[in-house]
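Just below is one structure, and these are the notes that go with it.
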Amino acid sequence: MQAIIIGAGRGSRLMPTTADTPKCFAEVADRRILDWTLDAFRAAGVDQIAFIGGYRIETVQDAYPELTFRHNDDWPNNNILASLFYAEDLMHDGFVCCYSDILFTPRIAADVLAADEAAAPIALAVDTEWLTRYEHRSEHPSDDAEKVTVDAGRVTSVHRDIPEPKAYGEYIGLARFTAAGAAALREHYHDRRRAHAGRPFREAKRLEKAHLIHLLQDMIEAGHTFAHVDTPGGYIEIDTQQDFDYARRHWVDRHLEK
């Protein structure tokens with residue numbers, strides 16, 4: 001299985017940590033976020049790993065020459081969705097992708113990869129204990145969470161505007177696409193790109209600035225089937241300095257063994 005790590009952005013909310021290095025170089029327990037990600041994938045049996053870089057991509061290339069790289073050279077002007085498609089040539093046989101600013105356990109990586117392919121060609125990892133993490137997360141409140149609702153094992157929506165009481169959990173930024181799921185993703189993206197390039201798309205002011213969840217929600221509404229693979233914790237997003245401090249205090253003791 002091919003893994004794709006989306007890491008082109010600068011991560012301005014994590015300044016000054018990202019003043020000279022990409023966000024994924026921030027260290028938690030004396031290891032970079034990227035090291036935790038690579039270990040989780042490799043422990044789950046994934047050895048084909050690509051990194052989509054932009055800001056300071058050369059530092060990642062120098063430190064991890066074993067990875068496959070794709071360069072989002074327009075990273076200041078686009079967002080996660082457009083960035084992912086810089087690695088479209090690697091998607092054909094199916095892939096797993098993740099954001100570069102998250103910590104997640106090898107167990108959830110393995111569970112996502114083991115999700116029933118026949119039942120759902122696309123599977124999203126979902127933290128079912130997400131609200132515990134948001135109790136003291138004032139710099140990134142739950143309004144910012146990529147929340148999901150589910151029914152009978154299927155994701156019925158993924159959106160930031162889902163009210164807390166209705167949310168089943170938080171999409172952690174880790175997803176698996178079978179070959180059929182990847183084909184559906186690519187077809188849907190290019191269809192929307194033809195219709196919306198340079199124009200608003202869902203909540204984004206223009207398609208190029210859309211998040212991945214904007215396309216995923218659009219696909220759900222179009223009738224595509226998404227499974228959810230649950231993790232009770234075992235995940236931390238590092239978006240702000242507050243998140244970074246929390247991860248350095250709690251990741252190993254509270255989450256690593258989940």
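Numbering of residues begins at 1 and proceeds along the displayed sequence.
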(message) Under the side-chain contact (heavy atoms from CB on, under 4.5 Å) test against Phe51, which residue among Ile6, Leu34, Leu38, Thr68 passes?
(response) Leu34
(request) For the residue pair Val28 and Ile236, establish whether any side-chain heavy-atom pair is separated by less than 4.5 Å. (result) no
(message) Quick check on the 6.0 Å ring-centre criterion: do Tyr86 and Phe69 meet it?
(response) no
(request) Taking Asp243 for its side chain and Ile238 for its backbone only, find out whether a donor-acceptor pair lies under 3.5 Å. (result) no
(message) With a sphere of 6.0 Å drawn around CD of Glu221, does it hold more than 12 non-hydrogen atoms of other residues, nucleotides or ligands?
(response) yes
(request) May I ask you to decide if the ring planes of His250 and Tyr246 are parallel, tilted or perpendicular, using 30° and 60° as cut-offs? (result) tilted
(request) Kindly state whether the ring of Phe95 and the ring of Phe177 have centres lying under 6.0 angstrom apart. (result) yes
(request) For Ser142 and Glu164, test the side chains for any donor-to-acceptor distance below 3.5 angstrom and give the result as yes or no. (result) yes
(message) With a 6.0 Å cut-off (strictly less than), is the heavy-atom count around CZ of Arg193, excluding the residue itself, greater than 12?
(response) no
(message) Just checking Asp89: does its CG atom have more than 12 heavy atoms from other residues, nucleotides or ligands closer to it than 6.0 angstrom?
(response) yes
(message) Check for me, please, whether Met219 and Leu207 land in the same ILVMFWY cluster - side-chain distances under 4.5 Å, paths through other members count.
(response) yes
(request) Tell me whether the centres of the aromatic rings in Tyr189 and Phe85 are closer together than 6.0 Å. (result) yes
(request) Check whether the side chains of Glu203 and His211 place a donor and an acceptor atom closer than 3.5 Å, and report yes or no. (result) no
(request) Kindly compute the distance separating CD (Glu237) from CG (Asp144), expressed to the nearest 0.5 Å. (result) 8.0 Å
(message) Assess whether a salt bridge exists between Glu66 and Arg42, defined as any Lys/Arg side-chain N lying under 4.0 Å from an Asp/Glu carboxylate O.
(response) yes
(message) What I want to find out is whether Asp218 reaches Arg202 closely enough, with some N-O distance under 4.0 Å, to be called a salt bridge.
(response) yes
(request) Identify whether the distance between the nearest side-chain nitrogen and carboxylate oxygen of Arg248 and Asp245 falls below 4.0 Å. (result) yes
(request) Spell out, yes or no, whether Tyr134 and Tyr171 are grouped together once hydrophobic residues are joined by side-chain heavy atoms under 4.5 Å, including indirect joins. (result) no
